[in-house]
Amino acid sequence: MFRTLWQTIEQLQTFHHGPHSGPYTMTAYRRFTNIGLDRRGAIASRRDFLRSAGATAAAGLFTSWTDQVSCAAESLRKQGKRCVLLWMEGGPSQFETLDPKPGTSSAGDAGDIATVVPGVHLAENLPHLAKQMGDLAVIRSLTSKEGSHPRARYLMHHAALPMGGADLPTLGSSVAERRRAAGDYEVASNLPSYVRVGRVGNAGNAGMLGVEYDPLTVDGPTQPPRNARPASSVARFERRLGLLRRLESDFGTGFGAVEGADVVANHRQLVDAASQMILSPEMQAFDLERETTAMRASYGEGRFANGCLLARRLLESGVTFVEVTLGGWDTHDDNHARTQELCGQFDKPAARLIADLKERGMLDSTLVVWMGEFGRTPRINGRGGRDHYPKAFSAWLAGCGVQGGQVIGATDKSGAEVIDRPVSPQDLFQTIYHALDIDPSHENTTSTGRPVKLVDGGAVIDGLFA
């Protein structure tokens with residue numbers, strides 16, 4: 001489809017900047033795009049406008065990448081608070097990660113390991129995080145009632161279950177919108193405020209906040225976002241933007257003053273944001289090749305490791321919220337080996353991310369959250385796996401004022417029950433927003449005028465902050 005659109009615009013440019021001008025240009029455009037024009041040469045319908053403008057914009061997305069200038073360090077110094085969500089898709093076992101139960105039937109084959117904090121042990125699968133424990137606050141008493149993947153995934157991204165008539169924004173969108181409301185956006189970059197590395201089913205988007213706060217999803221951390229590769233000069237790209245603005249103007253005055261103006265305004269906002277991003281030198285934040293070999297090696301190998309490194313680069317360039325996903329935690333079979341392999345993927349990169357942020361002076365203003373949708377059963381099933389268990393599971397936080405080196409809550413000897421300081425998903429979200437200086441009682445409004453709080457209920461986890 002894009003190749004066809006590209007060819008259309010190439011032909012259009014030939015006419016637009018050739019010996020002919022004025023009505024002849026629009027006639028040529030109509031011939032290549034099949035749009036309808038009225039007697040004055042204006043675009044005749046809303047559908048025609050969106051189709052033709054989309055063609056021009058799509059062509060623009062294939063053009064104009066400047067790769068010559070570096071990120072501005074000054075921008076970083078002016079940024080507000082930021083967040084990285086390390087999302088463990090599928091529900092990680094707490095027994096093989098943050099809440100080991102050595103010497104019990106619940107432990108399985110995994111042992112534990114001492115951390116740098118006396119008296120605190122993690123599963124032996126996490127040697128790098130054990131060395132970083134001084135910066136971590138481990139929560140062992142998360143509890144909920146949602147044991148199905150879609151509902152639990154939604155809950156842990158929205159602090160609520162789906163509501164009829166309310167298109168709730170996901171955590172990253174809410175953080176991006178609220179931090180912009182606090183003024184961060186004015187000094188941030190041309191990059192999107194929310195980037196999601198890897199796809200997650202029903203994790204949500206901006207919902208009622210509007211497309212401006214939707215995540216930019218990056219499929220692979222070693223590749224730039226799709227449609228952002230250079231294909232032409234800046235001058236040609238800008239000529240096409242000029243053409244697009246003319247089409248918008250024609251539509252805004254020729255189709256209907258009110259409706260046309262609204263459509264043009266919405267479309268122009270999206271195109272302007274996209275074109276600014278593409279032309280911005282900050283797009284090089286997506287290029288991991290700009291890191292030294294030693295730095296890349298320090299994060300380890302693999303998709304998640306590259307995602308963590310990309311997260312740090314995006315935060316440095318002004319992105320407010322980055323979500324990095326590691327899937328495969330639905331370990332109903334062969335739990336021990338699979339969990340061990342998954343821990344090997346996230347342990348070193350996650351520990352390095354915290355250390356890297358700390359070394360750069362960014363950890364005080366960056367919250368790092370590690371969590372999944374629920375935990376795993378104390379009992380190992382007949383296939384050597386663990387099944388869903390929302391009754392007791394674990395997470396950890398670091399940075400942004402979180403007091404590291406501590407464990408919040410506890411489960412009983414078998415890991416079946418929370419016996420100290422239970423933490424609900426709403427408590428966790430209250431805590432995340434508190435760390436980011438966001439009022440969790442802020443209300444968004446649905447399309448029907450219904451007010452909806454960012455978090456309804458819960459309380460900030462006591463003792464978590466220094």
Side-chain angles (χ1 to χ4, degrees), residues 1-2 5 46-47 49-62 82-83 85 154 157-158 160 162-163 165-182 184-186 188-219 224-228 241 244-245 247-248 251-252 258-280 282-283 286 314 317-323 325 438 442-450 452 454:
M1 178 181 68
F2 289 122
L5 293 171
R46 177 193 186 99
R47 176 178 297 179
F49 167 75
L50 293 174
R51 184 173 57 198
S52 58
T56 309
L61 290 175
F62 275 91
R82 301 152 295 230
C83 184
L85 171 59
Y154 191 94
H157 275 87
H158 297 80
M163 302 178 189
D167 194 5
L168 300 180
T170 191
L171 174 63
S173 298
S174 292
V175 171
E177 191 273 341
R178 285 292 82 200
R179 291 310 311 168
R180 178 179 181 179
D184 289 356
Y185 192 80
E186 292 180 3
S189 69
N190 290 312
L191 298 180
S193 53
Y194 175 15
V195 176
R196 180 177 281 160
V197 184
R199 296 187 180 275
V200 184
N202 86 319
N205 52 28
M208 66 180 75
L209 297 180
V211 296
E212 186 177 359
Y213 297 103
D214 274 344
L216 172 69
T217 299
V218 180
D219 292 329
R226 288 183 295 177
N227 300 340
L241 286 180
L244 177 60
R245 292 190 183 97
L247 292 170
E248 290 171 337
F251 179 78
V258 176
E259 185 178 8
D262 290 345
V263 173
V264 167
N266 291 337
H267 185 265
R268 180 169 291 175
Q269 183 180 28
L270 291 174
V271 171
D272 285 350
S275 58
Q276 287 171 11
M277 183 184 78
I278 290 170
L279 292 172
S280 169
E282 290 160 326
M283 281 296 288
F286 289 95
L314 293 173
S317 298
V319 175
T320 302
F321 194 100
V322 184
E323 181 173 354
T325 297
I438 293 171
H442 171 77
E443 293 180 343
N444 294 310
T445 305
T446 69
S447 59
T448 59
R450 174 185 172 189
V452 181
L454 290 184

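Across all their heavy atoms, Ser193 and Val319 have their closest contact at O-CG1, 3.6 Å. Heavy atoms only, all atoms of each residue included: Pro169 and Asn444 are closest at CG-ND2, 3.9 Å. Taking both residues in full, the closest heavy atoms of Leu85 and His157 are given as CD2-NE2, 4.1 Å, listed atom of the first, atom of the second, then distance. In terms of heavy atoms, Leu454 sits closest to Ser174 at CD2-OG, 3.7 Å. Nearest heavy atom pair, residue Met283 against residue Leu191, reads SD-CD2, 3.7 Å. Between Thr446 and Ala166, the shortest heavy-atom contact is CG2-CB, 3.8 Å.
In this structure, the side chain of Asp214 engages the main chain of Ala206 through a donor-acceptor pair within 3.5 Å. In this structure, the side chain of Thr217 does not engage the main chain of Arg199 through any donor-acceptor pair within 3.5 Å. Ser173 contributes a side-chain N or O that, together with a main-chain N or O of Tyr213, makes up a donor-acceptor pair within less than 3.5 Å.
Two residues are said to be in side-chain contact when any heavy atoms from C-beta on lie closer than 4.5 Å; Thr170 and Tyr154 fail this criterion. When side chains are defined from C-beta on, Thr445 does not count as touching Arg450, because their heavy atoms never get closer than 4.5 Å.
To the nearest 0.5 Å, atoms NE2 (His158) and CE (Met163) are separated by 10.0 Å. The CG atom of Leu314 sits 11.0 Å away from atom OG1 of Thr320, with the distance rounded to the nearest 0.5 Å.
Qualifying salt bridge (charged side-chain N to carboxylate O under 4.0 Å, His left out) partners for Arg196, counting only residues two or more places apart in sequence or in other chains: Glu323.
Among Asn205, Val322, Val200, the single residue meeting the side-chain contact (heavy atoms from CB on, under 4.5 Å) criterion with Pro215 is Asn205.
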